[in-house]
Amino acid sequence: MISWRFYVNIFIMYKILTKDILAPGIFRMDILAPRVAASAKPGQFVIVRMDEKGERIPLTICDYDVEKGSVTIVVQVIGGSTLKMSQLEPGDTLADFVGPLGQPSEMLSEKFEDLAAKKIIFLAGGLGTAPVYPQVKWLHHQGIKADVMIAAKSSGLLIMVEEMKKVAGNVYIATDDGSEGFHGMITDCLQNLIDRQGGSYDLAIVIGPMIMMKFAALLTQKLSIPTIVSLNTLMVDGTGMCGACRVTVGGKTKFACVDGPEFDGALVDFDEALRRQTMYKGYEGKKLYEEQCALGIETCKCPK
Amino acid sequence: MARIPRVPVREQNPTVRASNFEEVCFGYNQEEAMLEASRCLNCKKPGCVSACPVNINIPGFIMHIREGEFEQAARVIALDSSLPAVCGRVCPQEDQCEGKCILGVKGESVAIGKLERFVGDWTRENGIDLTPSGIVPKGIKMAVVGAGPSGLACAGDLAKMGYDVTIFEALHKPGGVLEYGIPEFRLPKESVVRTEINNVVKLGVKIETNVIIGRTVTIDELFDKEGFKAVFVGSGAGLPKFMGIPGENLNGVFSANEFLTRNNLMKAFRQEYETPIFVGKKVAVVGGGNVAMDAARTALRLGAEVHIVYRRTMKEMPARVEEVHHAHEEGIIFDELCNPTSILGDEKGWVRGIRCIRMVLGEPDASGRCRPVELPGSEFEIEVDTVIMSLGTSPNPLISRTTPGLEANPRQCLIVEEETGQTTRKGIFAGGDAVTGAATVILAMGAGRKAARAMDLYIRGLAGE
Ligand SMILES: Cc1cc2nc3c(=O)[nH]c(=O)nc-3n(C[C@H](O)[C@H](O)[C@H](O)COP(=O)(O)OP(=O)(O)OC[C@H]3O[C@@H](n4cnc5c(N)ncnc54)[C@H](O)[C@@H]3O)c2cc1C
Ligand SMILES: Cc1cc2nc3c(=O)[nH]c(=O)nc-3n(C[C@H](O)[C@H](O)[C@H](O)COP(=O)(O)OP(=O)(O)OC[C@H]3O[C@@H](n4cnc5c(N)ncnc54)[C@H](O)[C@@H]3O)c2cc1C
Ligand code: SF4
Ligand code: SF4
Ligand code: FES
């Protein structure tokens, strides 16, 4: 079958320029996408489709280079599409790469004086380090140093620590198993830091798995720190057309792809968001377990 | 002379088609088309023509069909419409051309839509190329936003005038609603939609997918950095409405747009495509328009028992008569005069039912339809595990918000001069659902063509011609 693309005469190839493995099941790629690179802002994301039969998956823009026309993505293998993507190599192409989508981070529209006066901490859980990075880097370019707390299950799953150190103020590490840095959850680490320092922060930006954002936002609320979270809901189009990404924020329904993905952490209905994320679990989940098992991937959550 | 009855069109058996995505209607063959064409009286003052939004010379093309001159018939239609195979299938003919056919007054109107479709299909199947030759390139760049019917029609006409046209499309495939909204069983994608798009491409129009105007680039950047001289906005009305009732964010509640996009654009109904789709055992589709019918019939084909929950009666449904009829034949259950008040969830947050209130029809409202009024104390529950909301759509405000001077009304519809599509900003034209709100394919196409003429005049004006 001839693809319809054959008929369309502007034929853009989203070429994979580089690829490196950051941790087991986590890889980084630079993709050639000049139009996206030229308009990208921290906080925004892209939607990628691997091939003609693939799904549209949302991924945060982790960096961008206007001159090279490239956009950096960091991906964790969790299902069929991300697994397939992990098998691509430099020189291969993606069928579609569209963006930038969503609102840029709120801080981009804040006045410099206001922003500079704030003590900011980023809480990055697992893969969340990747989307945190462009924001910290952007602040760094404005001459503002933000603190960053990076947490993962164990030492081997920590990513982008060195890159982060170059652009952040203090970088704190926490691991669930204590294999590196603070021994415990990111929430314990933050509580500990505040108790020890006695100080406080004026703004927390939390990005990571939904469950981590839920508990982090509960803690920061208790600590009276205004908090922003970045929601990774299910999505289809990413332009406001389908409503798959609906979340309740402050009692109102919002579309994460156009109103977000960043929202006030104190207002998000996390339990609903967590529940909605599982919508297709039975459907894709089973297939995924089998595939991961077959490939012997470490993160395999196979019930076997 | 004994009058020949309207030639019936062959269709897939309802029980068979209820479980496949093949086209429902087979259309006429040559003999059937010629016979049906012979029923047309070739009226001096044809009512049909004035009731067609683009005023196709209906008796003109039908007379050619009658004589077996199908290519000439195609050329007559091509003067006014660029999408005959599409409009012949999806136009609400009973309200338009066929609604004013003289034969309809005393019996059955000429099957204008089916004849138009026949010509469109015949042209494609016989590889007839209607691309005009000898287009003289003007070397002037024109941009079109959105590759739906309005954008494709506008781009096609501009290209015929010699302009260098690029369409920017947000999704990964061109076609707009033709691709993501209207299902395969009503409008085949590979054959019909792709050919119509390909005809536009053959004129030299470039289509760049994955470009969201307002995000990837702005309209001002198209003017200032990319050298476009005028822009047509045909971005449609893609934003779904919800009712705002309790339980709408439960797992198992979808907008019709999400459900249809997963199935049509992403082809979830085909095993080898990766996008998942959820359809439970018993589905309630809320609404009574074409979109509701499409969602319901799709859910049916995916194996569910489907109820259409509508607050008026079947008679008042805005959907095309043919679609309601087909849905009914296939086994869709119509729960008339009933309006949801909340969606009920189980302990895990999945839909378990829908709570409705009975309605009665009251006085006619501004639209002439009877206003439904709630019957107090008549609430009841329907047990379902999926709810598909199909309450209409509105235009996406992205473009008006990111283009200074481009004004929209409170319903987010772009404000234009009716005859030209001229917006509140110089050099920017608009048409289709982006201007009218959700309407029809033929109106969108007509608006695109009108705007193309106005854009040409605008460019000539700039050049001082
Ligand atoms: C705005 C946004 C930004 C994102 N940024 C990144 C990023 O930078 N890097 C990255 O690796 N991932 C990111 N994600 C998540 C990513 O989109 C999903 O991991 C991906 O779609 C999964 O596809 P899959 O086919 O591999 O898995 P699937 O087979 O689709 O899913 C596997 C399991 O994960 C669940 N799941 C599916 N999608 C999501 C999701 N969006 N969030 C949480 N669980 C999900 C499913 O319910 C399923 O059970 C982002 C999501 C959003 C909405
Ligand atoms: C399910 C369904 C069934 C229907 N059935 C019928 C029917 O039977 N008969 C009938 O006559 N009509 C029907 N309609 C209505 C008809 O399809 C529309 O009126 C018509 O498609 C409008 O055409 P358009 O070109 O204005 O917009 P659309 O077809 O909506 O196309 C707009 C295009 O613009 C793109 N776009 C949007 N924003 C941007 C942006 N910022 N940048 C770039 N691109 C953008 C969109 O992705 C889309 O491809 C139906 C509609 C639906 C949803
Ligand atoms: S375009 Fe539509 S209204 Fe016009 S003649 Fe064809 S079917 Fe009838
Ligand atoms: S009104 Fe009917 S009979 Fe008369 S020209 Fe039109 S289609 Fe033919
Ligand atoms: S992803 Fe479709 S509306 Fe947000």
Side-chain angles (χ1 to χ4, degrees), chain A residues 1 4-5 7-12 14 33 35-36 38-39 44 46-47 49-57 79-81 84 95-102 236-248 252-253 255 258 269 271-276 278-280 282-284 287, chain B residues 166-167 170-174 180 189-190 193-194 197-198 201-202 204-212 215-218 221 236 238-240 242 244 248-255 257-262 265-268 270 272-278 348-350 389 393 396-398:
Chain A
M1 191 192 82
W4 69 269
R5 279 184 156 261
Y7 296 79
V8 172
N9 41 13
I10 295 196
F11 200 166
I12 290 177
Y14 305 98
R35 279 200 188 275
V36 184
S39 308
Q44 292 185 299
V46 290
I47 284 193
R49 207 174 63 120
M50 238 73 63
D51 53 46
E52 194 54 36
K53 299 192 168 68
E55 10 171 27
R56 293 170 64 97
I57 63 167
S81 302
K84 214 162 160 191
D96 301 290
F97 193 90
V98 60
L101 295 158
V236 183
D237 59 297
T239 64
M241 205 178 87
C242 75
C245 61
R246 355 201 246 294
V247 287
T248 302
K252 290 209 178 79
T253 294
F255 285 11
V258 286
D269 181 343
D271 292 333
E272 178 188 280
L274 279 159
R275 186 193 77 219
R276 288 185 57 82
T278 65
M279 191 101 79
Y280 292 98
Y283 278 62
E284 291 219 11
K287 194 170 70 190
Chain B
T166 305
I167 305 182
L171 292 171
H172 57 262
K173 263 188 185 177
Y180 78 75
K189 310 292 165 237
E190 296 274 307
V193 178
R194 187 188 289 174
I197 291 168
N198 203 22
V201 170
K202 272 196 215 145
V205 172
K206 286 163 269 191
I207 303 179
E208 189 174 344
T209 50
N210 296 326
V211 178
I212 301 171
R215 285 255 179 270
T216 315
V217 287
T218 60
E221 285 167 341
L239 298 198
F242 286 90
E248 257 181 333
N249 289 349
L250 287 166
N251 287 14
V253 184
F254 307 94
S255 73
N257 261 9
E258 175 179 358
F259 191 72
L260 290 169
T261 301
R262 284 181 183 273
L265 178 72
M266 306 309 295
K267 308 228 178 299
R270 293 208 183 136
E272 68 274 25
Y273 284 74
E274 285 159 14
T275 301
I277 191 162
F278 178 89
K348 289 201 180 120
W350 282 81
M389 288 293 179
T393 52
N396 194 324
L398 179 63

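Lettering follows sequence order; numbering is per chain, from 1.
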* Can you say whether the rings of B:Phe278 and B:Trp350 are parallel (under 30°), tilted (30 to 60°) or perpendicular (over 60°)? -> tilted
* Where does A:Ile57 contact chain B at under 4.5 Å (heavy atoms): side chain, backbone, both or neither? -> neither
* Structure fact -> Given B:Lys202, B:Arg270, B:Arg262, B:Glu272, the one with more heavy-atom pairs under 4.5 angstrom with chain A than any other is B:Arg262
* Which portion of B:Thr216 sits near chain A, non-hydrogen atoms under 4.5 angstrom -> both
* Identify which of B:Phe259, B:Phe254, B:Phe242 forms the greatest number of heavy-atom pairs closer than 4.5 Å to chain A. => B:Phe242
* Asked: What part of A:Lys84 lies closer than 4.5 angstrom to a heavy atom of chain B: side chain, backbone, both or neither?
  -> side chain
* Quick one: of A:Gly102, A:Ala38, A:Gly238, A:Gly243, who has the most non-hydrogen atom pairs under 4.5 Å with chain B? -> A:Gly102
* Give the member of A:Asp237, A:Thr253, A:Asp51 that has the highest number of heavy-atom pairs under 4.5 Å with chain B. => A:Thr253
* Do we see a donor-acceptor contact under 3.5 Å between the side chains of B:Asn249 and A:Thr248? -> yes
* To do: Specify the closest pair of heavy atoms between A:Gly240 and B:Pro240, including all atoms of both residues, with the distance to one decimal.
  => O-CD, 3.4 Å
* For the candidates A:Leu101, A:Val36, A:Ile47, which exhibits the highest count of non-hydrogen atom pairs separated by less than 4.5 Å from chain B? -> A:Leu101
* **Top contributor to chain A interface from B:Thr218, B:Val217, B:Leu250 [non-hydrogen pairs under 4.5 Å]** => B:Leu250
* Is it the backbone or the side chain of A:Phe97 that comes under 4.5 Å from a heavy atom of chain B, or both, or neither? -> backbone
* Pick from B:Glu221, B:Met266, B:Lys267 with the largest number of heavy-atom pairs that fall under 4.5 Å of chain A -> B:Met266
* Find the one option among B:Ser255, B:Gly244, B:Ala170 whose heavy-atom pairs under 4.5 Å with chain A are most numerous. => B:Ser255
* Is the side chain of B:Arg215 donor-acceptor paired with the backbone N or O of A:Thr239 at a distance under 3.5 Å, no angle test? -> no
* **B:Lys173 and B:Lys189, any side-chain heavy atoms less than 4.5 Å apart** => no
